[in-house]
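Everything on this sheet refers to the single structure shown next.
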Protein chains: 2
Amino acid sequence: MRTPYGLNILDNCLTCPSRQEHLFCNLSVQAGQRLNDIKSTAVYPKGAMLFIEGQQPRGVFVLCSGKVKLSTTSREGKTIITKISNAGDVLGLNAVVSNHPYEVTADMMEPGQANFIPRDSLLQLLREFPEAALRVAQQLSRNYYVAYQEIRTLGLATSPSEKLAKLLLSWSTKGTQTDGSSQLRLNLTHEEIGEIIGTTRETVSRLFSEFRKKQLVEIKGATLVIRSRPALEKIVQS
Amino acid sequence: MRTPYGLNILDNCLTCPSRQEHLFCNLSVQAGQRLNDIKSTAVYPKGAMLFIEGQQPRGVFVLCSGKVKLSTTSREGKTIITKISNAGDVLGLNAVVSNHPYEVTADMMEPGQANFIPRDSLLQLLREFPEAALRVAQQLSRNYYVAYQEIRTLGLATSPSEKLAKLLLSWSTKGTQTDGSSQLRLNLTHEEIGEIIGTTRETVSRLFSEFRKKQLVEIKGATLVIRSRPALEKIVQS
DNA sequence: TCTCTCCGGTGATCCAGATCACACAGCGCT
DNA sequence: AGCGCTGTGTGATCTGGATCACCGGAGAGA
């Protein structure tokens, strides 16, 4: 099956390749079937907004493919990116469960597919299947845990260099691992990286120069090679 | 019933005065009874640690009376206070549900009582009572929501004065409300306030001077009077 | 090919807030 | 009283990173 954006569509959660990997997908057959029935799937272009900060929650989105940027913006226009979500992530869950407005804006960084589950149907399912409710609780507590790391980073890490080092290390675990160095594709602009670690475009640029000069890192086009994890860890130190 | 610290002990959740007010207390009779059976209650002195950041989760604490400071500290010794908890709050829930270590340290700021619910018993209860699991999910999503506000404050609010103004406003809602001014007891040191808004003792001190000079605020001993909410809101503006 | 726009690099300046350094006030202790 | 301790108030510096300003390269689109 092909779509306007050249993606393969997954139309059944039960046969989804990431079914086993993620909390929300890995349910009993009945609950899974039910989930499959109430979901509707759609493919979104780059730049599409799944939901916007402040909207009343309509439902949750389960990301099947693509990358999604979660961000929040102050009245003066300053933006921070709180998370880059990948396939398998559940978006908007907190808003739906707590019935608070979405606390972030979710927009597609590249074309991708997402399943939508309306709020009422989801809550009904949770009432019927205790296992699903527990699974959701676990997912929420994981979210909370991640949010907490973010608070620690923003509140405790002092310098931008520390934060950038931390970020690179967290990325490097996902990249190609070899000896003490690893490699990863960099598909964010300096501006966006600045929004993640809470600093300006210029500072990010200068930090990369500095890291390059110190041989901690190497950049060829969009690929970033981490030359020395230990050295980065020393910068983090906290 | 009297205790070493001069507190009345509440020994039954079903008759607790705050039973109706808080998510976790307000369950069906069966679930409530069960909760009452598996909990054990204790009274703690000022300074007692309910749990410490990094420990494996033993269970949750439901605070019956007193105030608890939740904080996290970096290796270099910098500390941030993430929340001041009051009666009715459930502490350690995320750690228990996700089975991650406690992400904060909880210590009593004044003598108080707390019920302890061991991890295994709680999880068992959640499996048996779907309503309880859903309740827990809601509690977690509320926690998440609060954490998010914190991220916004730390990441987006620019100046310390903005953060302090925000904090005072959030406190003033709980204090004695009159016209446009309100009054509240200040039982934190400048140092602790600094740890909440992420700045130094000296800066807090200077900010209070400044606010006093601008007639936004008045301080007599431990009571703080907010003279003009609108003016504080103008400082926040974000 | 030319132009437009976005992104990255880097220098120059400036300032808010951290840091250091005292002074002093309240309070419990012996 | 005299001592230590904890918390507060306020000056004097120092500095890291924001801000402004400009340039050059890469890609898109006509």
Side-chain angles (χ1 to χ4, degrees), chain A residues 45-47 69 74 76-81 109-110 153-168 185-214 217-224 235-238, chain B residues 46-47 69 74 76-81 107 109-110 153-167 185-214 217-224 235 237-238:
Chain A
K46 176 174 177 176
K69 178 167 83 175
S74 72
E76 302 113 23
K78 189 175 177 192
T79 298
I80 48 176
I81 296 174
M109 300 177 66
E110 48 188 66
T153 306
L154 287 172
L156 294 176
T158 40
S159 61
S161 62
E162 205 171 322
K163 294 188 204 173
L164 182 59
K166 202 174 216 169
L167 184 68
L168 293 181
R185 276 211 96 59
L186 206 30
N187 34 20
L188 296 177
T189 67
H190 287 184
E191 175 100 42
E192 287 172 318
I193 294 174
E195 287 172 354
I196 296 179
I197 63 176
T199 187
T200 58
R201 199 211 99 215
E202 293 95 323
T203 301
V204 172
S205 196
R206 281 188 243 270
L207 283 173
F208 271 125
S209 298
E210 186 190 324
F211 284 5
R212 237 183 289 120
K213 200 169 297 169
K214 288 187 188 166
V217 132
E218 212 168 284
I219 299 173
K220 314 162 194 161
T223 62
L224 183 144
I235 290 181
V236 176
Q237 76 175 306
S238 65
Chain B
K46 177 176 176 174
K69 178 168 82 175
S74 73
E76 302 115 23
K78 189 176 177 192
T79 298
I80 48 176
I81 296 174
D107 60 316
M109 299 177 67
E110 48 188 66
T153 306
L154 287 171
L156 294 176
T158 41
S159 62
S161 62
E162 204 172 323
K163 294 188 204 172
L164 182 59
K166 202 174 215 168
L167 184 67
R185 275 213 98 59
L186 205 31
N187 35 20
L188 296 177
T189 67
H190 287 185
E191 176 100 42
E192 287 172 317
I193 294 173
E195 287 172 355
I196 296 179
I197 63 177
T199 188
T200 58
R201 198 212 99 216
E202 293 94 324
T203 302
V204 173
S205 197
R206 281 187 244 270
L207 283 173
F208 271 126
S209 299
E210 187 188 323
F211 284 4
R212 237 184 290 123
K213 199 169 299 170
K214 288 186 187 166
V217 132
E218 213 169 283
I219 298 173
K220 314 161 194 162
T223 62
L224 183 143
I235 290 180
Q237 75 175 313
S238 67

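Per chain, numbering begins at 1; letters A, B, ... match sequence-line order. Heavy-atom basis, side chains included; hydrogens, waters and symmetry copies ignored.
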Item checked: Contact list for residues 186-196 of chain A, test salt bridge (charged side-chain N to carboxylate O under 4.0 Å, His left out), sequence neighbours left out -> Lys69(A)-Glu192(A)
List in chain and number order the residues that pass side chain to side chain donor-acceptor pair (under 3.5 Å) with [X], two or more places apart in sequence or in another chain; answer none if no residue qualifies.
| X | answer |
| --- | --- |
| Thr200(B) | Thr203(B) |
| Thr79(A) | Thr73(A) |
| Ser159(A) | Ser161(A) |

Check: Do you know the tightest heavy-atom contact between Ala165(A) and Ile235(A)?
Finding: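 Nearest heavy atoms, Ala165(A) then Ile235(A): CB-CG2, 3.8 Å.
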Check: Closest heavy-atom contact between Ile219(A) and Arg212(A)?
Finding: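 Nearest pair, atom of Ile219(A) first, then Arg212(A): CD1-NE, 3.9 Å.
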Notebook entry, point to check: Along DNA chain D, 5' to 3', what are the outermost nucleotides having an atom less than 4.0 Å from a heavy atom of chain A?
Noted result: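 Here the contact window of chain A covers dG17(D) to dC20(D).
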Close N/O contacts between protein and nucleotides 24-27 of chain C (under 3.5 Å):
none

Notebook entry, point to check: Which residues, if any, of residues 203-211 of chain A bring a heavy atom under 4.0 Å of DNA chain D?
Noted result: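 The stretch gives Thr203(A), Arg206(A) as the residues lying under 4.0 Å from the strand, ordered by number.
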Next item on the list: Quick one: list whatever passes salt bridge (charged side-chain N to carboxylate O under 4.0 Å, His left out) with Glu110(B), sequence neighbours left out.
Entry: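 Scan of Glu110(B) (salt bridge (charged side-chain N to carboxylate O under 4.0 Å, His left out), adjacent residues dropped) gives none.
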Next item on the list: List for me each residue that meets salt bridge (charged side-chain N to carboxylate O under 4.0 Å, His left out) alongside Lys214(A), sequence neighbours excluded, and say none if there are none.
Entry: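 Result, salt bridge (charged side-chain N to carboxylate O under 4.0 Å, His left out) vs Lys214(A): Glu210(A).
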Margin query: A side-chain contact here means heavy atoms from C-beta on lying under 4.5 Å apart; do Lys166(A) and Thr153(A) qualify?
Written below: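 Yes; the side chains approach each other to less than 4.5 Å.
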Next item on the list: Rounded to the nearest angstrom, tell me the gap between atom CD in Glu162(B) and atom P in dG17(C).
Entry: 10 Å
Check: Considering the terminal five base pairs at each end of the helix from dT1(C)-dA30(D) to dT30(C)-dA1(D), what angle separates the two local helix axes, rounded to 10°?
Finding: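 Rounded to the nearest 10 degrees, the bend comes out at 30°.
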Check: How many angstroms lie between atom CG of Leu224(B) and atom CZ of Phe208(B), to the nearest 0.5 angstrom?
Finding: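 Answer for the CG-CZ pair, Leu224(B) versus Phe208(B), is 5.5 Å.
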Checklist line | Straight-line distance of Phe211(A) CZ to Leu168(A) CG, nearest 0.5 Å | finding: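 If we round to the nearest 0.5 Å, Phe211(A):CZ and Leu168(A):CG are 6.5 Å apart.
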Item checked: Side-chain donor/acceptor of Arg201(A) to base of dG9(C), under 3.5 Å -> yes
Next item on the list: For Ile196(B), enumerate each residue passing the side-chain contact (heavy atoms from CB on, under 4.5 Å) test, keeping only those at least two apart in sequence or located in another chain.
Entry: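 Testing Ile196(B) for side-chain contact (heavy atoms from CB on, under 4.5 Å), a comparison that skips the adjacent residues, returns Ile81(B), Leu167(B), Trp171(B), Leu188(B).
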Item checked: side-chain contact (heavy atoms from CB on, under 4.5 Å) partners for Ser205(A), two or more places apart ->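 With neighbours one apart ignored, the set is His190(A).
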Notebook entry, point to check: Where each residue is assigned the nucleotide of DNA chain D containing its nearest heavy atom, which of Glu202(A) and Pro160(A) is assigned the position nearer the 5′ end?
Noted result: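 The 5'-side residue here is Pro160(A).
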